[in-house]
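Because the structure is predicted, anything quoted here is derived from the model rather than measured. When a ligand or atom number is given, it counts from 1 through the structure's own listing order.
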Amino acid sequence: MRALTEKEIRRSFVNCSRSEAAGLTLPRDLDDVPWEDREYLGWRDPKAPLRGYAVLWHDDGPVGIALRAAESSMSSRTAAMCLLCQSTLSGGEVSLFTARRSGPAGRNGDTVGQYICADLQCSQRIRSDVPPWLRDRDPAEVVPQLAGDLLDRIGAFVGHVVDGQ
Ligand SMILES: [Zn+2]
């Protein structure tokens, strides 16, 4: 993705108030983010444990989505799949996140849910943990394919969050 500044990130949020966006904790070391290896920038809020954020380029502009993780997590003994990057992880490593929809729908309490890597690090995971069934293939082919799929899925998710799309 193209790089973003702190100001651009704070302004990009579509489903929280301006004061919430101004007050949220950004990832540290924004200058060191390898943007070319990120389909979306995702992070959990260290000061508000159930909160998480995903920011990406959508329709040529930055769009930030505020997420809330479910309070109950799945059992770590069962396997679960992130529906964005399709990594299979233990239940404790995948969270059900809800995003309030933007605009009037969100003001009426409408939300969209998705199972996502609990740490919101899908971009890192597709580059470090290639799924077993793809391991005999060339990583130079596999990673761009996984990245393209991830981009499509998070784009679809954002489409559901942004009212009217
Ligand atoms: Zn993921």
Side-chain angles (χ1 to χ4, degrees), residues 1-4 9 12-16 24-30 32-59 61-102 111-162 165:
M1 63 186 280
R2 265 147 64 203
L4 290 166
I9 292 174
S12 73
F13 282 89
V14 293
N15 68 337
C16 66
L24 62 85
T25 312
L26 290 183
R28 277 187 293 167
D29 307 323
L30 211 50
D32 299 331
V33 172
W35 295 99
E36 65 281 6
D37 287 343
R38 296 288 179 271
E39 286 63 46
Y40 74 96
L41 182 69
W43 73 100
R44 295 289 292 259
D45 191 327
K47 292 187 187 144
L50 291 179
R51 291 207 190 152
Y53 311 99
V55 181
L56 67 153
W57 289 86
H58 185 72
D59 293 339
V63 174
I65 306 285
L67 300 159
R68 192 178 171 83
E71 266 170 85
S72 58
S73 60
M74 285 177 277
S75 164
S76 55
R77 289 191 301 271
T78 57
M81 188 187 262
C82 167
L83 296 183
L84 294 184
C85 68
Q86 297 205 315
S87 296
T88 304
L89 301 163
S90 78
E93 295 171 304
V94 173
S95 264
L96 173 61
F97 286 95
T98 51
R100 202 172 72 200
R101 294 184 67 207
S102 68
T111 61
V112 184
Q114 184 67 291
Y115 286 94
I116 312 176
C117 292
D119 58 8
L120 299 164
Q121 311 272 291
C122 298
S123 291
Q124 290 89 319
R125 200 152 285 120
I126 60 167
R127 287 166 174 83
S128 60
D129 301 341
V130 173
W133 60 91
L134 293 173
R135 277 187 198 146
D136 55 349
R137 288 188 39 203
D138 182 358
E141 273 175 37
V142 169
V143 171
Q145 188 186 322
L146 295 174
D149 290 348
L150 170 56
L151 211 50
D152 287 347
R153 292 195 200 94
I154 187 140
F157 178 64
V158 168
H160 292 303
V161 173
V162 178
Q165 287 199 356

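For the residue pair Q121 / R44, no side-chain donor-acceptor distance below 3.5 Å is found, with atom types taken as modelled. A donor-acceptor pair shorter than 3.5 Å can be found between the side chains of R153 and Q86.
Across A118 and F97, no two heavy atoms sit closer than the pair O-CZ, 3.6 Å. For the residue pair H58 and G155, the shortest heavy atom distance occurs at CE1-O, 3.4 Å.
Two residues are said to be in side-chain contact when any heavy atoms from C-beta on lie closer than 4.5 Å; W57 and L4 meet this criterion.
Inspection of the environment of the Zn ion (ligand 1) yields the following protein N, O or S atoms under 2.8 Å: C82 SG, C85 SG, C117 SG, C122 SG.
Using modelled atom types, one side-chain atom of N15 and one backbone atom of R100 make a donor-acceptor pair closer than 3.5 Å.
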